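Values in this document were obtained by computation on a predicted structure and should not be read as measured data. The sequence lines fix the lettering, A, B, ..., with proteins before strands; numbering per chain opens at 1.
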Protein chains: 2
Amino acid sequence: MSISERKLKILKAIVDDYITTGTPVGSRTISKREDINLSPATIRNEMADLEEEGYLEQPHTSSGRRPSDKAFRLYVDTFMRVSQLTDEELKFVKGYLNRKYSEMNDIVDVTAEVLSDLTKLTSVVIESKSEEDELKRIQIVKLSDRKAVLVLIFASGSVRDVMIDVPKDINEEYLENLSGWLSRFVENRNLEDALTQIRSGAENDLRLHQRFGEEIINLVLENIRKNAPRKNVALGGARNILNYPEYQDVESAKNFLTLLDKKDALYDILSDSNGLEFQIRIGNENKQEQLKHMSVITASYRINSRSIGTFGLIGPTRMDYGRVLSILQFIGQTINGMFDDGDDKDK
Amino acid sequence: MSISERKLKILKAIVDDYITTGTPVGSRTISKREDINLSPATIRNEMADLEEEGYLEQPHTSSGRRPSDKAFRLYVDTFMRVSQLTDEELKFVKGYLNRKYSEMNDIVDVTAEVLSDLTKLTSVVIESKSEEDELKRIQIVKLSDRKAVLVLIFASGSVRDVMIDVPKDINEEYLENLSGWLSRFVENRNLEDALTQIRSGAENDLRLHQRFGEEIINLVLENIRKNAPRKNVALGGARNILNYPEYQDVESAKNFLTLLDKKDALYDILSDSNGLEFQIRIGNENKQEQLKHMSVITASYRINSRSIGTFGLIGPTRMDYGRVLSILQFIGQTINGMFDDGDDKDK
DNA sequence: TATTAGCACTCGCTGATATCGAGTGCTAAT
DNA sequence: ATTAGCACTCGATATCAGCGAGTGCTAATA
């Protein structure tokens, strides 16, 4: 069942080579490696075996072999080592993130940017509002005769706003009071609790909304429900796909870009990370048809061990997994640091 | 100086043909058109003239001609007619925009999406915070020991939020009071006025901030200044570029996508619309190197005749200008309707 | 018995060559 | 002034040979 030590060594060499060159690897190339003292012929025999076992594939007779998804999986599980980032890389990331952090929105964008710049891959970042994120405040501000804006502020620091239509003769003061009233109900509750709390509160305390009946409360409830779960997502470096010889043909590039064009799709790509800290999906392991020949590595970032977002990289299956993983790790830490109760944030 | 009636007619025919086919147009093709009763030879003579005058160019001897930027400019200025959208198109837009409007953020995204879906071009949308947009409210909410979120709410309905570090021992109540105090100063003032107002107010009213001195006020001022002008921008249908035979070669596609990858660049593309309602920039008329072979059509959307955003389409110079313009027009109107003091919004 | 040298074979890639056809410019006829 | 006729241009497409990286198999070797 298990493969011999030697086969493993050869397989690793093939994968290493393929990751850097992207072209099928021949037996001679491998036999020239210092750590392998075998003739091309021997290696050919082993390669034939490895092919039979599904670790290698041959584009056509008389070409070299390339690793299959199965081989990459083995490689990742067995050989991958999280590499150390260089000093420049560390500086690059820090400079990027320190310079610009401000809105949650921005953080998502900037993270996507730094990820794709650093890896030359395509990055996706979502700020996923956890079910558990607690509300801090609800504020309704009147803008004009019939328009108001409803603002939800969460404990994680994320903010949602939505325009609502309000009855014409409602006044600012009323909305102000309503905001205070609602905020008292929701403070430090997650969304689900907050909604029930408001609903039951509305039944017991008729003073504030008697004039507009349940209309305004329902409006608020409905809009909270509809908008709070909205996901904030950013995409970076989509063009990078065109750097890989595998994607030089326009048709497959278009396919890929089409997938990325829908926010929902981006969300799907990152969503089934099952709360794992890191996840690597190789080729066929992806559900999406367009990603069957690509790999997706995702990580989640957390505040107080609660996940508040996921970010990931998409690239050809032959990406440098070790390096990519270490980058994700480091960026996760850095972002975490930004949300910590930031003592000594420069150290 | 001016061109003969007949030359104009021929030129128009050439442009029309080139817009639909994208390939250089030969004399025979034109002579077969119903409204033109001339032999190929005659047309060839006219075409030679038009080429001399800079309206046509020949990729190589013995190929047909294609219109130059100058020809498209003439075409747009002279012949373009805003076409009528079909019923399906109208429905498509309305369905799209009615279904999803909520956050300002979303509106920008959705506009980009509908624009590119409808035109098969690349769309860019920015919500440009006008200098004149008035503040409605400032709210500071404490999140943890040292973190708070500062929220700015504008009369246009747009909302900005930014995380700030606050002194550890500041309490919620203080921030609450501060919010009220600040809001009173800024209400219905534009950003510039609001800032001076707060500054002078801080000198005269020491009650609220005495405990933390100027620290917290400065923090707030600084963050407002830094973040309020932030632009919200969305991109749609970048992949559409690959549908055009002119951009089948990967190199130019990559160039184009690289341009779109930076938000600042997107902003630049739309920014010099000079407050015009519509603007068409053809080929060379664009400043950006990557757009020298493309056209950009932009429109601004307004509330009460004040521009609150710009949206535009980018595509090959041979786009269907009339149709694109009518789409921009209609979408502008529709969005306007959403922000109107929405009486009879379904009609 | 495991390894390797040797060799015929495969097949994609490159470059040269020929052919085709859409389109032109020019000239001479209408 | 227009047009028919014709030689010419040049990109696009197809065909074909030669190259070379790589293979699988067999027989010799340690």
### Query
Closer than 4.0 Å, any side-chain N/O of Thr61(A) to the OP1 or OP2 of dC11(C)?
yes
### Query
Counting only distance, no hydrogens or angles, is the base of dT9(D) paired donor-acceptor with the side chain of Ser62(B) under 3.5 Å?
yes
### Query
Taking the side chain of Asn45(B) as its heavy atoms from C-beta onward, which of dG25(C), dT3(D), dG12(C) lies nearest to it?
dT3(D)
### Query
Roughly how many Å is it from CD in Glu52(B) to P in dG25(C), rounded to a whole number?
11 Å
#### Entry: Minimum-distance nucleotide (side-chain atoms of Ala41(A) versus dA4(D), dT24(C), dA5(C))
dA5(C)
### Query
What's the closest nucleotide to the Arg6(A) side chain, out of dT10(C), dG11(D), dT3(C)?
dT3(C)
### Query
Should dT14(C) form a Watson-Crick or G-U wobble pair with both distances under 3.5 Å, which nucleotide is its partner?
dA17(D)
### Query
Counting only distance, no hydrogens or angles, is the base of dT3(C) paired donor-acceptor with the side chain of Thr42(A) under 3.5 Å?
no
### Task
Round to the nearest Å and state the distance from Arg44(A) atom CZ to dT26(D) atom P.
14 Å
### Message
With nearest nucleotide decided by heavy atoms, which residue, Pro59(B) or Ser27(A), maps closer to the 5′ end of DNA chain D?
### Response
Pro59(B)
#### Entry: Salt-bridge criterion met for Asp77(A) and Arg73(A) (N-O under 4.0 Å)
yes
### Task
Measure from the side chain of His60(B), starting at C-beta and using heavy atoms only, and say which of dT3(D), dC10(D), dG5(D) lies closest.
dC10(D)
### Message
Using only atom types and a distance under 3.5 Å, with no angle test, would you say the side chain of Asn286(A) pairs donor to acceptor with the backbone of Gly283(A)?
### Response
yes
### Summary
Atom CD of Gln58(A) and atom P of dT23(D) are separated, to the nearest Å, by 7 Å
### Query
Atom NZ of Lys7(B) and atom P of dT2(D): how far apart are they, to the nearest Å?
11 Å
### Sidechain-backbone polar pair: Thr298(A) side chain, Leu270(A) backbone, donor-acceptor under 3.5 Å
no
### Message
Only pairs with both distances under 3.5 Å count, Watson-Crick or wobble alike; so what is the partner of dT9(D) in this structure?
### Response
dA22(C)
### Query
Between dT24(C), dT4(C), dT3(C), which nucleotide gets closest to the side-chain atoms of Met47(B)?
dT24(C)
### Task
Calculate the interatomic distance between Ile43(B) atom CD1 and dG23(C) atom P; express it in whole Å.
12 Å
### Query
Can you tell me how far P of dT3(C) sits from CG of Asp49(A), to the nearest Å?
12 Å
### Query
Does any N or O in the side chain of Lys120(A) come within less than 3.5 Å of the main-chain N or O of Asn243(A), such that one atom is a donor and the other an acceptor?
no
### Summary
When rounded to whole Å, the CD1 to P distance for the pair Ile30(A) and dA21(D) reads 16 Å
### Message
Return whichever of Arg65(A) or Leu38(B) has its heavy-atom-nearest nucleotide of DNA chain D closer to the 5' end.
### Response
Leu38(B)
#### Entry: Pairing partner (Watson-Crick or G-U wobble, both distances under 3.5 angstrom) of dT27(C)
dA4(D)
### Message
Any side-chain to backbone donor/acceptor pair from Arg318(B) onto Asp16(B)? Under 3.5 Å, distance only.
### Response
no
### Donor-acceptor contact present, side-chain Thr119(B) to main-chain Leu115(B), <3.5 Å
yes
### Summary
Separation of dG24(D) atom P from Leu50(A) atom CG, nearest Å, is 12 Å
